[in-house]
Amino acid sequence: MELKVDTLKCTGCKICEFACNYHYDGTTSPIGSSIMFYREEKKNYYGVMVKREKSLLLARPDETEIVKPGQQIKGASASSKPILLRVACNLCEGEETPFCVRSCPQNVLSVE
Amino acid sequence: MDYINNFNGTILIVDLESGETTNEDLEIEMIENSLGGAALNLDLYQKYADRDPVVLGTGLFTATFVPASCLGIATFKSPLNQGISHVPLTWQTGVELKLTGFDFIIIVGKSEKPVRIWLHDGLADIEDSSDVWGKDTWETVDSLRQTYGDDLIQVLSIGKAGENRLDVAQVSENYWGSKDKTSLGAVFGEKNVKAIALRGLGALDVAEGFYDQCTQLMKDITNGTLKGKRGLRETISSLSPEGQIIQLVDSTTHRNNACYNCPYACKTFVKYRESARTMASTDVAEPGCLITDLSGFMSFSFLGRDAAPALEKCFKLGLEPTAAAKLAEAARNKDLQSVTETLEQLAQSGGSLKESDLPHFYQVSPWPIFTSLETSSVQAFGVFSNAVPPMPIVASYQDFGVKDTAVDRAEWWIRRQSLSYILGICPIFSLTSPEVSEEKLVELVKSSADWDEFDLKKLQEVVGQLVSQSLKTSERVGEIHLSLKVDGFDDAINDLLSRFS
């Protein structure tokens, strides 16, 4: 079972980050989430990254990429560094549905 | 009430004259009295009124799981008409502001040299800004993000028009303009503040059960009037079904964007320097523009396909697009090149709707699409932004249970805006979703704290007070253009004033 991202449905509201963090520490914050929003704002190029146990899911608008440890991430900027330090997604262990899936107003996220 | 969630508990005072910043506690009584948001902004404005303050504030719900809780609010005296003005800050500004660790920021006095205010991690720095003074808003955002090493920093900045302290200036949120129609941009210029940069990585406490309540409300909304609706196209067709403009939007739409936690993605990115179907990140550095200001975009519709590039030019120069478009049209500009020249000129030496005998409310641009007694009346009040459509969007007055008279409709709009500006909910979104009822909001306020005595009566009282106090605090000068005084206007205004007295 893994988190699936339908990037082109995403409207960039960022609530998934906050919902994920809420799972970990019960606060509203983007700081500790396993899912991170990224944006090249002038190009309107945006999506999310998900830290997994042994890889990184890069849900880009044009392609979805799975990056393994040691692999170079294309187009990474300073804002993408913190994802590598984050906790790996555990699909909100103990919950029927992950918080990010419950919170997304556009049904971008699902578990498959 | 002994404790309240959703706030940091800190007010920041930025003294531009001394160059010092100080913190004060956000007292529980302040929230009990006003609820926060624009209502507390106004209290803080009055407290520091002799130092010409700009107050940036957040609502009880800003940056929470409440749907569309993106809102920050700027309160100041508008140089256009000397009236108190509340400007809604959408996109990520309000959220980023609150998560810097400051709930309210009071900027007083004037700096001798150009500065920027950099807020992050509970810290506030006033920094020299000679490196970006003279740059346009896009260059300023790029430069600050590079300086601080983070692409997700949110920036409020001014361009040439603000630096020149002109009435047509607008403050810009990142690259995309804002809902500032009352010249906050000129006030930034007057204070020598080029920009406010924000990065919020703080955390807010959440009351037990609050998340589930918010998620259920979001579900009700997305299954209600908003179901399947998104984008500029939807808003335009809901307000004024002009086929040509809709076709233009359709043919250039890249993706629709939402502000923080909003189910209605009302901002549309249009591409005109590469195909709108291009989803990859290409070498085209500036492929288009995010249309955040429907009023400005529609006002440039006389340019057809070039409406969006003209809007982009306004954003870069920090010009209020509706006034700029009306002035360019009145100057008989018919193409992008001549409009661009006029915009450059406006940002250099200014322009006035009043002096050009164009429609205005106390020199402020009116909503450009449709005029009726109710829409004219609400804008004549002048307390809230004319960038927000003065009527329901997607939904109808009936959906909101509003009686069928112009004054009832106007009163509903003013109250709905007041409610949104106080609680920190997007004032555009709140015109779309009757599911977000006052009763639901009372439940959410009660859940945010141990505040059992809070009720609908208190909510409605605070909502009315913001309007009446904002009007009382204003000595608005100027007049309303005759073309906007539709039949029954004076009686409607008197009736409305009596409802908020």
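Below, read A as the first sequence line, B as the second, and so on, with proteins coming before strands; counting in each chain starts at 1.
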Verify whether one side chain among [X] and [Y] offers a donor that lies under 3.5 Å from an acceptor in the other.
{"X": "B:Asp151", "Y": "A:Tyr38", "result": "no"}
{"X": "B:Tyr260", "Y": "B:Thr62", "result": "no"}
{"X": "B:Asn257", "Y": "A:Asn44", "result": "yes"}
{"X": "B:Thr93", "Y": "B:Glu173", "result": "yes"}
{"X": "B:Asn8", "Y": "B:Thr10", "result": "no"}

Pick from [options]: which one has the most heavy-atom pairs with chain B under 4.5 Å?
{"options": "A:Leu8, A:Thr28, A:Ile31", "value": "A:Thr28"}
{"options": "A:Cys104, A:Pro30, A:Ser29", "value": "A:Ser29"}
{"options": "A:Asn21, A:Thr11, A:Thr7", "value": "A:Thr11"}
{"options": "A:Gln106, A:Arg39, A:Glu41, A:Lys14", "value": "A:Glu41"}

Engaged part of A:Cys10 at the chain B interface, taking heavy atoms whose separation is under 4.5 Å: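 Interface part for A:Cys10: both.
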Counting only non-hydrogen atoms closer than 4.5 Å, does [X] touch chain A with its backbone (N, CA, C, O), its side chain (CB onward), both, or neither?
{"X": "B:Asn5", "result": "neither"}
{"X": "B:Lys271", "result": "side chain"}
{"X": "B:Ala63", "result": "backbone"}
{"X": "B:Thr282", "result": "backbone"}
{"X": "B:Gln92", "result": "side chain"}
{"X": "B:Arg273", "result": "neither"}
{"X": "B:Asn256", "result": "backbone"}
{"X": "B:Ser281", "result": "both"}
{"X": "B:Leu201", "result": "both"}
{"X": "B:Val284", "result": "backbone"}

For the residue pair B:Lys98 and B:Phe7, would you count it as a cation-pi contact if the rule is NZ or CZ under 6.0 angstrom from the ring centre and within 45 degrees of the ring axis?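 Positive - B:Lys98 is close enough to the ring of B:Phe7 and near enough to its axis.
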Can you see whether B:Tyr211 has A:Arg102 sitting over its ring - NZ or CZ less than 6.0 Å from the centre and within 45° of the normal?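 Judged by the rule, A:Arg102 and B:Tyr211 form no cation-pi pair.
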For the candidates [options], which exhibits the highest count of non-hydrogen atom pairs separated by less than 4.5 Å from chain A?
{"options": "B:Trp138, B:Trp91, B:Phe269", "answer": "B:Phe269"}
{"options": "B:Pro287, B:Ala265, B:Cys289", "answer": "B:Pro287"}
{"options": "B:Asn174, B:Leu226, B:Leu290", "answer": "B:Asn174"}
{"options": "B:Arg145, B:Arg255, B:Lys219, B:Glu208", "answer": "B:Arg255"}

Assess whether side-chain hydrogen bond (donor to acceptor under 3.5 Å, both in side chains) is satisfied between B:Glu234 and B:Tyr264, documenting all intermediate values. CA-CA 10 Å; B:Glu234 205 69 63; B:Tyr264 186 50; over 6 Å; no
Do the non-hydrogen side-chain atoms of B:Leu99 and B:Leu204 ever get within less than 4.5 Å of each other?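 Counting from C-beta outward, B:Leu99 and B:Leu204 do come under 4.5 Å.
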Beyond-backbone contact of A:Val111 with A:Leu91, side-chain heavy atoms, under 4.5 angstrom: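 Counting from C-beta outward, A:Val111 and A:Leu91 do come under 4.5 Å.
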May I ask you to check whether over 12 heavy atoms, not counting those of B:Glu286, lie within 6.0 Å of atom CD?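 More than 12 heavy atoms, drawn from other residues, nucleotides or ligands, come within 6.0 Å of this atom.
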Determine whether B:Asp142 and A:Lys42 satisfy the following criterion, salt bridge (charged side-chain N to carboxylate O under 4.0 Å, His left out), listing intermediate values before the conclusion. CA-CA 10 Å; B:Asp142 287 343; A:Lys42 279 195 289 187; 2.6 Å; yes
